[in-house]
Chemist: 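First the structure, which I've put down as structure tokens, then a few questions once you've had a look.
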Amino acid sequence: MATIDPRLTPLIETLIASGADWLAVEILSEIRMGRVDEPSDAELREAREAVEMFRKEKTVPPPTLVTRHTNVRHLGGDEQIEFAANYAVERITQNIEMAGASLQQLNEVANRSIAHGDVPSDSARPKADIELRWLDTEGALNGPQTEEARAKLPALRKALSEWSISARKGTQN
Amino acid sequence: MIAAVQTALDSILGNSPALNYAGGAGRIFELYIMTGIAVEMQNRGFQVWLQRSNGTRILPGSPNQIFIQRGGAPTGIPPASAGPGNASVIGMRRQNGAIWELWNGVQFTGRSGARHEIDIGLVPGSVGDELRIAGGCPFGRPRVAIECKDAATSGSVDEMRAFIARLYDLTVLTVHQPYLPTPLPTMAISPGSPNGPFYTARGTYWAENRHSFNGIARQSGFTAGALAMTAYYGVEWHPSISLNSGGYTTLIRAVCQWIENQIP
């Protein structure tokens, strides 16, 4: 396990204060665990083909894959800071983009379900405008909200980049 | 410097409820896969619809166009009498085919009596109908089971072990019949399973694994040792699932091809 660089503390505290404690935990966990080797594209393809064979063959036992040793590389102090800043913004960006794409796909499903004859087709029928909610969670998410969040991402990226540079130089405030 | 980070974070997270609770990002990841399957099945000519927890459909123009996803904790299926305020599902059927439901974050009961969450599962619509009478958890195994891992850490062999163990407990085989609370014929899932050879329990785990689609979908990749059991148990690994990524397209195609080829 890697030792967490104390210069990460302001970022971790800020994430917790903003309600993204899950993201703080993820960052610390990622750094402690280190970076690991992953299978190559060829190995993943081989694994998928093996599953296909497993499904098709009726009597032949499925092939087994050889287990390789996994190498782990721990990040140094400056690398940890750079990793944490990038990870935070990429994770939030991806989540907002996926939420927006999911909403789009839900609307597409709702709109096209009419075309398959579930209810009489009517060109004047309004388009679906799905809103997302979660059980046991306050608030909702709709298309305009995801657009608004997306527009604010460059500011977060810039702020995290500046913090990362200053933290590595030892000038963070 | 850090104050600017705080300001930017607050302005984004304050508007995104899914990012403000543990597991919220994971739920969005699951929804992205679930809705991708739904759109692809429509592209393949299936009828697909959004369905509220009371069994009614969400149609454009209806006053309630809210799709509800489970929050942090998985649950069973609530009774329809509880109203439309519980988790929604996605329904689908081929032309003149049986109705199926795509569930997210539902607990299934295993032979041990333990309950296991399946992140994305495909079950016969009649099972959903039966459970919506009084509420409860299905007993047995879905035909499609996808474990979703929205983590940057690479998947380990333990992740595979955990998923296989869950499927093992959920698998109902014909040899289990003497110990089951359900009557003959032995069905792969109950209550409410349709009759017919596609729905009956198999004789071995090997046959049951082949008679279902099982996969692990990860935002990142897998550690080298994690692939060793994949072929033996027929569990597909799908790494690099991100927005419109090649990994996402491959996963959606694989699941939908299986559904199109296999389900009645």
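Reminder, nothing fancy here: chain letters follow the sequence lines and each chain counts from 1. For the numbers below, each heavy atom of this structure counts, side chains included, while hydrogens, waters and symmetry mates do not. Keep in mind that what you see is a predicted model, and the values were worked out from it rather than measured.
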Chemist: Among B:Gly61, B:Ala207, B:Gly234, who wins on heavy-atom pairs under 4.5 Å with chain A?
Modeler: B:Gly234
Chemist: Working to the nearest 0.5 Å, report the span between CG of A:Leu132 and CD of B:Gln65.
Modeler: 12.5 Å
Chemist: With a 4.5 angstrom heavy-atom cut-off, is it the side chain or the backbone of B:Asn64 that approaches chain A, or both, or neither?
Modeler: neither
Chemist: Inspect the contact between A:Arg91 and B:Asp150 and indicate whether a charged nitrogen and a carboxylate oxygen are less than 4.0 angstrom apart.
Modeler: yes
Chemist: Using 0.5 Å steps for rounding, measure from the CD atom of A:Gln105 to the CD1 atom of B:Ile37.
Modeler: 10.0 Å
Chemist: At a 4.5 Å cut-off on heavy atoms, which part of A:Glu138 comes close to chain B: side chain, backbone, both, or neither?
Modeler: backbone
Chemist: Only pairs of heavy atoms separated by less than 4.5 Å count here; which of A:Thr146, A:Leu141, A:Asp136, A:Asp129 has the most with chain B?
Modeler: A:Asp129
Chemist: As an exercise: rank A:Val25, A:Leu160, A:Leu106, A:Val89 by heavy-atom pairs under 4.5 Å with chain B and give me the winner.
Modeler: A:Leu106
Chemist: Of the backbone (N, CA, C, O) and the side chain (C-beta and beyond), which part of B:Tyr248 lies under 4.5 Å from a heavy atom of chain A, both, or neither?
Modeler: side chain
Chemist: Is the number of heavy atoms from other residues, nucleotides or ligands within 6.0 Å of CZ (A:Arg32) greater than 12?
Modeler: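 No, CZ of A:Arg32 has 12 or fewer neighbouring heavy atoms, counting only those of other groups under 6.0 Å.
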Chemist: Which answer fits A:Ala140, side chain, backbone, both or neither, if we ask what part of it has an atom under 4.5 Å from a heavy atom of chain B?
Modeler: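 Contact with chain B involves the backbone of A:Ala140 alone.
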Chemist: Using non-hydrogen atoms and a 4.5 Å limit, figure out which bit of B:Ser212 sits close to chain A: side chain, backbone, both or neither.
Modeler: backbone
Chemist: Looking only at heavy atoms, what is the nearest atom pair of A:Ala110 and B:Leu50, with distance?
Modeler: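 Residues A:Ala110 and B:Leu50, closest heavy atoms: CB-CD1, 4.0 Å.
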Chemist: Nearest 0.5 Å, what's the OG-CD distance between B:Ser220 and A:Glu30?
Modeler: 7.5 Å
Chemist: Measure A:Leu103 against the heavy atoms of chain B and call it side chain, backbone, both or neither at under 4.5 Å.
Modeler: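 Contact with chain B is absent: no heavy atom of A:Leu103 under 4.5 Å.
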Chemist: For B:Leu13, is it the side chain, the backbone, both, or neither that has a heavy atom closer than 4.5 Å to a heavy atom of chain A?
Modeler: side chain
Chemist: Distance-only, no hydrogens or angles: does the B:Gln42 side chain make a donor-acceptor pair with backbone N or O of A:Val109 under 3.5 Å?
Modeler: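 Side chain of B:Gln42 to backbone of A:Val109: a pair is present.
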Chemist: Can you tell me how far the CG atom of A:Leu156 sits from the CD1 atom of B:Ile12, to the nearest 0.5 Å?
Modeler: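 These two atoms lie 4.5 Å from each other.
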Chemist: Counting only non-hydrogen atoms closer than 4.5 Å, does B:Asn43 touch chain A with its backbone (N, CA, C, O), its side chain (CB onward), both, or neither?
Modeler: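 Both parts, backbone and side chain.
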Chemist: Quick one: does A:Asn95's side chain get under 4.5 Å of B:Tyr32's, heavy atoms only?
Modeler: no
Chemist: Does a sphere of radius 6.0 Å around CZ in B:Arg44 hold more than 12 heavy atoms from other residues, nucleotides or ligands, not counting ones at 6.0 Å or beyond?
Modeler: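 More than 12 within 6.0 Å, yes.
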Chemist: Between chain A and each of B:Thr250, B:Asp10, B:Ile68, count heavy-atom pairs under 4.5 Å; write down the option with the most.
Modeler: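 Of the options given, most contacts go to B:Ile68.
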Chemist: Check whether any side-chain heavy atom of B:Asn244 lies under 4.5 Å from a side-chain heavy atom of A:Glu97, and answer yes or no.
Modeler: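 No, side chains not in contact.
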Chemist: Just so I understand: if I count every heavy-atom pair under 4.5 Å between each of A:Gln104, A:Glu162, A:Lys152 and chain B, which residue has the most?
Modeler: A:Lys152
Chemist: Measuring from atom CE of A:Met98 to atom CZ of B:Arg27, what distance do you get when rounded to the nearest 0.5 angstrom?
Modeler: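 Interatomic distance, A:Met98 CE to B:Arg27 CZ, rounded to 0.5 Å: 15.0 Å.
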